[in-house]
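Have a look at the structure below, then the notes.
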Number of protein chains: 2
Amino acid sequence: MAESQNLQGETLLYLTDEQLRQGIEAMFFAYRGFTDDPDRILAGLSYGRAHHRALHFINCAPGTTVNNLLSILGVTKQSLNRVLRTLVEDGLVESRVGRNDKRERHLYLTEAGAALERDLSDAQRARMRAAYRQAGPEAVAGFRKVLEAMMDPDMRRAYQKLREGRG
Amino acid sequence: MAESQNLQGETLLYLTDEQLRQGIEAMFFAYRGFTDDPDRILAGLSYGRAHHRALHFINCAPGTTVNNLLSILGVTKQSLNRVLRTLVEDGLVESRVGRNDKRERHLYLTEAGAALERDLSDAQRARMRAAYRQAGPEAVAGFRKVLEAMMDPDMRRAYQKLREGRG
DNA sequence: TTGGAATGTCAACAAGACTGACTTAAACTG
DNA sequence: CAGTTTAAGTCAGTCTTGTTGACATTCCAA
């Protein structure tokens with residue numbers, strides 16, 4: 001009874017509509033900050049956010065197939081293909097026919113592709129690092145925990161698989 | 001000396017490139033979850049995310065001017081105007097000429113506009129609430145702290161102003 | 001070996017962002 | 001009062017990025 005009062009009176013205050021609304025707006029504004037720096041770099045190169053995403057995930061899973069990338073990015077293959085085509089044409093990505101299954105294309109960054117990925121990544125990480133440092137380690141742990149809980153189950157699985165694949 | 005070692009050896013581990021990379025990916029996947037539910041509702045109505053954003057901010061700042069909305073949403077007036085025009089035509093938003101300054105248009109949700117905003121809001125808050133509950137109050141505090149630190153200074157000001165205006 | 005499933009490509013289109021040029025009306029200022 | 005600035009809206013054109021639909025190639029299993 002006392003606990004129930006406590007829960008309703010204090011602990012659950014963070015679940016009020018107003019608190020949720022503030023969280024929603026924070027997410028909206030923060031995402032803009034999150035994409036701003038890479039977007040600025042890309043604007044000068046006639047590339048867009050979609051190219052950045054492709055570079056990012058090819059970089060962290062070299063040799064991935066188009067289909068695999070598709071399920072991670074959550075777009076249609078036609079949409080991804082346009083982006084991929086320009087990246088291949090411009091020599092940033094290499095697409096190799098699969099050895100076992102010749103229908104598949106395995107994707108790799110070229111030297112130039114890796115260089116651009118690094119530029120974009122550095123810019124994005126710089127802001128992230130500043131935010132992390134300002135907020136402190138406990139806040140960062142909470143940040144990650146809430147983000148993970150917000151993902152669709154499929155995406156959470158994809159995300160956790162990526163984490164395992166690395167350190 | 002001992003503290004410096006502690007800082008570098010333990011406390012700062014959350015600032016490694018790999019940790020930042022994971023945070024970046026978490027942000028990407030979570031934002032998809034964040035927009036998914038309202039997007040599904042909007043898809044059936046030939047509206048898009050842009051309409052949702054307009055409805056949201058008109059709802060929480062009734063009587064706001066077009067210029068004001070522009071600076072919050074961070075888009076061009078041509079882009080906002082297209083969205084606003086359809087919302088007014090469809091009777092979801094009302095645009096009243098300013099009393100003091102007749103150049104200004106003050107924006108309000110109609111009954112129907114408020115109803116749609118509520119639907120979208122409810123869907124988005126439901127997911128947010130589930131994530132908050134799952135992560136717990138301390139995590140939520142950290143989440144908010146990191147998001148705020150990620151915003152551009154201008155956006156942070158706009159965000160804090162909105163918070164003050166309410167509870 | 002033939003028909004279906006999987007993989008990837010091409011073409012056409014729509015939403016939503018952008019720029020630039022322009023109009024209208026109202027407000028401000030010298 | 002004349003001229004300038006400001007707020008809003010419009011028209012035209014472009015770009016990115018998403019969508020469907022049709023199609024070629026390859027694999028696999030009946």
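A note on names: the letters A, B, ... follow the listed sequences, proteins ahead of strands, and every chain is numbered from 1.
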_Once you apply a heavy-atom cut-off of 4.0 Å, does B/G74 come out as touching a base, just sugar-phosphate, or nothing?_
sugar-phosphate

Using atom [atom1] of [X] as one end and atom [atom2] of [N] as the other, report the distance to the nearest whole Å.
X: A/H51; N: D/dG18; atom1: NE2; atom2: C1'; result: 13 Å
X: B/L87; N: D/dA8; atom1: CG; atom2: P; result: 17 Å
X: B/R96; N: D/dA8; atom1: CZ; atom2: C1'; result: 18 Å
X: A/D39; N: D/dC15; atom1: CG; atom2: P; result: 18 Å
X: A/I41; N: D/dT16; atom1: CD1; atom2: C1'; result: 18 Å
X: B/L107; N: D/dA8; atom1: CG; atom2: P; result: 8 Å
X: A/D90; N: D/dT16; atom1: CG; atom2: P; result: 12 Å

*Using a 3.5 Å limit on both pairing distances, list the dot-bracket string of DNA chain C from the 5' end; Watson-Crick and G-U wobble pairs count, crossing pairs take [ ], interstrand pairs take |.*
||||||||||||||||||||||||||||||

*Charged N to carboxylate O under 4.0 angstrom, A/K102 versus A/E104?*
no

*asked:* Check this for me, if you would: do B/R21 and A/E117 make a salt bridge, where the nitrogen-to-carboxylate-oxygen distance has to be below 4.0 angstrom?
replied: yes

Taking the side chain as everything from C-beta on, heavy atoms only, tell me whether [X] gets closer than 4.5 Å to [Y].
X: A/V88; Y: A/E94; value: no
X: A/N81; Y: A/Q78; value: no
X: B/I24; Y: A/R127; value: no

Between [X] and [Y], is there a donor-acceptor pair closer than 3.5 Å when you use the side chain of the first and the backbone of the second?
X: A/R156; Y: A/E148; value: yes
X: A/T86; Y: A/V83; value: yes
X: B/T64; Y: B/I58; value: no

_On the nucleotide D/dC15, are OP1 or OP2 found under 4.0 Å from the side-chain N or O atoms that A/R49 carries?_
no

*Does the side chain of A/T76 get closer than 4.0 angstrom to OP1 or OP2 of D/dT19 through an N or O atom?*
yes

*Does A/F28 have B/R53 sitting over its ring (NZ/CZ under 6.0 Å from centre, angle to axis within 45°)?*
no

*Relative to the 5' end of DNA chain D, which residue comes earlier, A/G48 or A/R99, by the nucleotide with the nearest heavy atom?*
A/G48

Interface polar pairs with nucleotides 8-12 of chain C, N/O, under 3.5 angstrom:
unit_1 : atom_1 : unit_2 : atom_2 : d
C/dG8  : OP1    : A/V66  : N      : 3.4
C/dG8  : OP1    : A/R105 : N      : 3.0
C/dG8  : OP2    : A/N67  : N      : 2.8
C/dG8  : N7     : A/K77  : NZ     : 2.5
C/dG8  : O6     : A/K77  : NZ     : 2.8
C/dT9  : OP2    : A/N81  : ND2    : 2.2
C/dC10 : OP2    : A/R85  : NH1    : 2.7

